[in-house]
Number of protein chains: 2
Amino acid sequence: MPQANKRLAQGQSSENAPSVTRSITLKDVARVAGLSPITVSRALNSPQLLRPATIARVREAVELTGYIPNLLAGGLASKRSRLVAAIVPQLFNAMFVETVQGLGDQLAAHGYQLLLSLSGYSPAHESELVSAILSRQPDGIVLTGINHAAETRKRLLSANVPVVETWDLTPTPIDMLVGFSHQKIGETIARYLHGKGYRRFGLVWADDERAALRRAGLETVLNEYGIGKAASHMVPTPATLALGRKGLQVLLDSGSSFDAIVCSSDALAQGVLTEAQVRGIKVPGQLAIMGFGDLDFAAHTVPSISSVHIDKRAIGIQAANALLARIEGRPLKQRILDVGFELIERETT
Amino acid sequence: MPQANKRLAQGQSSENAPSVTRSITLKDVARVAGLSPITVSRALNSPQLLRPATIARVREAVELTGYIPNLLAGGLASKRSRLVAAIVPQLFNAMFVETVQGLGDQLAAHGYQLLLSLSGYSPAHESELVSAILSRQPDGIVLTGINHAAETRKRLLSANVPVVETWDLTPTPIDMLVGFSHQKIGETIARYLHGKGYRRFGLVWADDERAALRRAGLETVLNEYGIGKAASHMVPTPATLALGRKGLQVLLDSGSSFDAIVCSSDALAQGVLTEAQVRGIKVPGQLAIMGFGDLDFAAHTVPSISSVHIDKRAIGIQAANALLARIEGRPLKQRILDVGFELIERETT
DNA sequence: ACCAAGAATGATTGCGCTATCATTTTTTGG
DNA sequence: CCAAAAAATGATAGCGCAATCATTCTTGGT
């Protein structure tokens with residue numbers, strides 16, 4: 001079999017190779033190692049089935065040939081892609097970055113890779129993304145939020161793939177859920193600020209669906225306290241410092257007077273704070289400011305910004321854990337995990 | 001062949017389906033449409049080869065069956081995965097977020113998906129990631145920076161996959177490059193600040209490799225002006241406002257006096273600015289502050305932060321374009337694209 | 001009406017891997 | 001030292017799709 005021998009020799013040196021170099025496959029490695037392809041496959045995927053000496057032979061051959069497994073082929077044959085997909089609205093929003101990072105880190109630690117898609121807050125786009133994602137046969141999917149197109153839900157259900165929804169709470173998730181209650185946060189903020197004696201509220205608020213929930217909670221409680229609908233200025237996502245400044249300008253120019261501005265995110269709060277300082281408004285003496293998200297800067301501005309802390313990274317990590325448990329067939333303690341939140345009182349209130 | 005008929009019937013209605021529902025394949029769609037599988041494949045991938053009536057029949061059958069293509073199988077057969085992988089150091093660093101977003105958007109617009117990996121600034125980790133990534137047969141790879149483990153370079157070269165390095169410049173990229181000169185930025189900052197009359201420089205600097213290049217440029221020019229090595233405080237990544245405040249504290253406590261603090265990022269600059277204000281130091285009267293990156297807040301702090309603008313999103317978009325051109329066999333105008341930079345003079349200098 | 005040229009569709013095969021079952025080798029206990 | 005059990009390795013087949021080449025159907029020109 002000179003043919004085979006010749007090939008074997010070519011394994012290492014690449015002299016007179018044809019223009020299109022066929023890539024190294026399991027078979028090549030097997031030939032070099034003097035084993036069957038399936039044994040090589042096992043050495044790489046279930047080494048506990050083989051004796052150490054065999055594994056060493058394989059490792060050597062892999063080294064020698066520079067073999068890189070083809071996960072498309074592997075996934076096709078095994079029905080396991082070792083891929084997890086995540087959809088977040090956007091990355092500009094620093095909130096999601098930590099979740100994605102936590103998710104990515106945790107998945108990587110368990111041999112999974114992350115396919116990231118950005119929906120831009122559009123359920124229609126999300127729906128398309130889900131189709132595209134399912135094409136890759138992911139072992140799990142992480143979604144942001146709980147409101148999805150009916151189509152999305154249906155596709156995910158019939159694909160029979162583990163799904164984790166995040167960043168919100170509902171008793172009826174598609175599958176699993178890691179989040180917290182925006183409604184409760186709104187309520188908590190309202191009680192807290194009311195308790196501190198603030199009465200004339202203004203809102204600088206992002207136009208996204210979860211922010212709307214927080215707002216609903218806030219207004220419900222304010223209403224209970226007999227405080228009417230607060231004046232508000234809506235801003236588009238992503239919320240920035242500049243939009244926060246603009247927000248306070250608009251609110252003040254409207255002629256109303258305020259003793260507290262509640263913002264849907266820390267970036268907006270920082271903007272409101274900046275604008276207040278520019279105008280010589282004492283914070284919190286004349287005006288209190290409340291943020292949300294407890295981003296890294298909130299504790300270190302002067303004055304520091306009161307906010308609501310969310311363990312954003314934990315959401316990613318727990319989402320990964322939930323998926324990993326489901327994928328590996330381990331029992332899941334709870335389908336729904338509430339990571340909670342914590343109101344952080346700082347100097348702006 | 002009753003067996004076959006039974007299957008056909010099951011295609012649409014899912015009554016008495018076995019517990020493990022075999023997923024819908026091209027074959028199923030073909031059967032429903034009364035066409036051959038390959039024709040269905042063409043209807044989905046090269047519709048221009050078929051007559052509209054046929055495509056309509058296929059579309060109908062797809063609708064009816066809820067067919068989702070299997071890209072693992074498709075990729076294996078066609079050698080095209082429609083997947084592009086990117087490695088960035090981290091997402092916390094707002095700098096990379098825009099690039100990733102631009103990259104993701106542009107790729108999505110062309111039917112490609114983004115596999116995102118985080119290297120945490122470690123070449124060793126990057127090397128592992130590259131192996132893992134190559135396993136998925138991506139059609140292209142985007143790397144951050146130009147310094148990679150020798151192993152990484154070798155693997156990428158032998159995998160024969162289009163590669164774009166980003167965020168830096170070199171005459172000898174692995175393949176393609178979209179970036180800018182950090183050295184030049186450092187030099188430009190030095191000339192600019194020197195021109196404004198500043199002489200006593202302090203640095204608050206992140207400990208990453210591209211920041212080091214900017215610093216080298218800065219120090220080279222300062223040296224030409226006869227200014228000795230500037231006092232510096234190094235901070236770990238990710239750089240934050242808090243680290244910036246700390247940085248100024250440390251520098252001032254060292255006893256030296258400064259008339260300008262140069263920071264390796266806007267977040268640090270914002271921190272330095274905050275700390276200066278706390279201490280009653282007039283900016284820029286007593287102390288100038290220079291940032292880098294021109295993040296969204298830089299223009300809107302008070303005083304606004306002078307910075308260096310990088311078109312971060314363009315890096316992502318151009319990287320995507322370069323890959324797409326290469327993948328689709330279009331001629332590439334230039335292997336190396338310098339997106340440049342722009343020093344933005346604002347109030348802190 | 002007929003034929004050539006092109007357009008549309010189909011049959012076969014294999015991408016690289018792993019599930020499954022079969023076989024061989026090693027270990028164990030009496 | 002042997003049979004039986006267990007461990008290690010191998011042979012076969014097929015995952016779902018698209019490249020390739022083969023065949024059938026349309027056209028339009030005369």
Side-chain angles (χ1 to χ4, degrees), chain A residues 7 20-58 61-62 65-83 111 134-139 159, chain B residues 7 11 20-58 61-62 65-83 111 134-139 159-160:
Chain A
R7 280 234 182 129
V20 176
T21 43
R22 194 185 49 82
S23 64
I24 312 288
T25 72
L26 253 198
K27 230 188 226 170
D28 300 312
V29 178
R31 208 181 298 117
V32 169
L35 292 163
S36 73
I38 186 63
T39 301
V40 175
S41 166
R42 278 197 276 253
L44 300 173
N45 298 314
S46 351
Q48 75 284 359
L49 293 179
L50 305 185
R51 73 176 99 183
T54 309
I55 295 176
R57 265 165 77 192
V58 170
V62 166
T65 53
Y67 172 65
I68 302 238
N70 182 331
L71 247 54
L72 296 187
L76 180 60
S78 71
K79 311 274 180 205
R80 299 195 50 207
S81 61
R82 298 205 148 266
L83 190 69
L134 286 175
S135 292
R136 295 203 190 270
Q137 318 290 112
D139 292 339
Chain B
R7 280 230 181 135
V20 176
T21 42
R22 192 183 51 84
S23 64
I24 312 289
T25 72
L26 254 197
K27 231 189 223 168
D28 299 312
V29 178
R31 208 181 297 120
V32 170
L35 292 163
S36 74
I38 187 62
T39 301
V40 175
S41 166
R42 280 198 274 254
L44 300 173
N45 297 315
S46 349
Q48 75 284 358
L49 292 179
L50 304 186
R51 71 176 102 181
T54 308
I55 295 177
R57 264 165 78 193
V58 169
V62 166
T65 52
Y67 172 65
I68 303 239
N70 182 331
L71 248 53
L72 297 188
L76 181 60
S78 71
K79 309 277 179 200
R80 299 196 49 208
S81 61
R82 299 207 147 265
L83 189 68
L134 287 175
S135 291
R136 295 204 189 271
Q137 318 291 113
D139 291 339
N160 201 31

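Every chain is numbered from 1, with letters handed out A, B, ... down the list of sequences. All values below come from the heavy atoms of this structure, side chains included, with hydrogens, waters and symmetry mates left out.
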Distance, rounded to the nearest Å, where [X] contributes [atom1] and [N] contributes [atom2]:
X	N	atom1	atom2	value
Leu50(B)	dG10(C)	CG	C1'	12 Å
Leu44(B)	dT9(C)	CG	P	14 Å
Leu35(B)	dA11(C)	CG	C1'	15 Å

Inset, instruction - For the helix from dA1(C)-dT30(D) to dG30(C)-dC1(D), measure the angle between the helix axis at one end and the axis at the other, each built from five pairs, rounding to 10°. - result: 20°
Nearest 0.5 Å please: distance from the [atom1] atom of [X] over to the [atom2] atom of [Y].
X	Y	atom1	atom2	answer
Lys79(A)	Asp139(A)	NZ	CG	12.0 Å
Gln137(B)	Ser78(B)	CD	OG	10.5 Å
Leu35(B)	Thr54(B)	CG	OG1	6.5 Å
Asn45(B)	Leu50(B)	CG	CG	10.5 Å
Ile38(B)	Leu26(B)	CD1	CG	8.0 Å

Looking at every heavy atom in both [X] and [Y], which two are closest together, and how far apart are they?
X	Y	result
Asp28(B)	Thr25(B)	OD2-N, 2.7 Å
Ser81(A)	Leu72(B)	CB-CD1, 4.4 Å
Ala73(B)	Leu76(A)	CB-CD1, 3.7 Å

Legend entry - chain A footprint on DNA chain D, 5' to 3' - any atom under 4.0 Å from a heavy atom: dA8(D) to dG16(D)
Legend entry - Residue pair Arg82(A) / Arg136(B), side-chain heavy-atom distance below 4.5 Å: yes
Legend entry - Heavy-atom side-chain proximity of Tyr67(B) to Leu44(B) below 4.5 angstrom: yes
Legend entry - Contact letters for nucleotides 17-27 of chain C, in which S counts primed atoms plus P, OP1 and OP2 and B counts the base, heavy atoms under 4.0 Å: BBBB-----S-
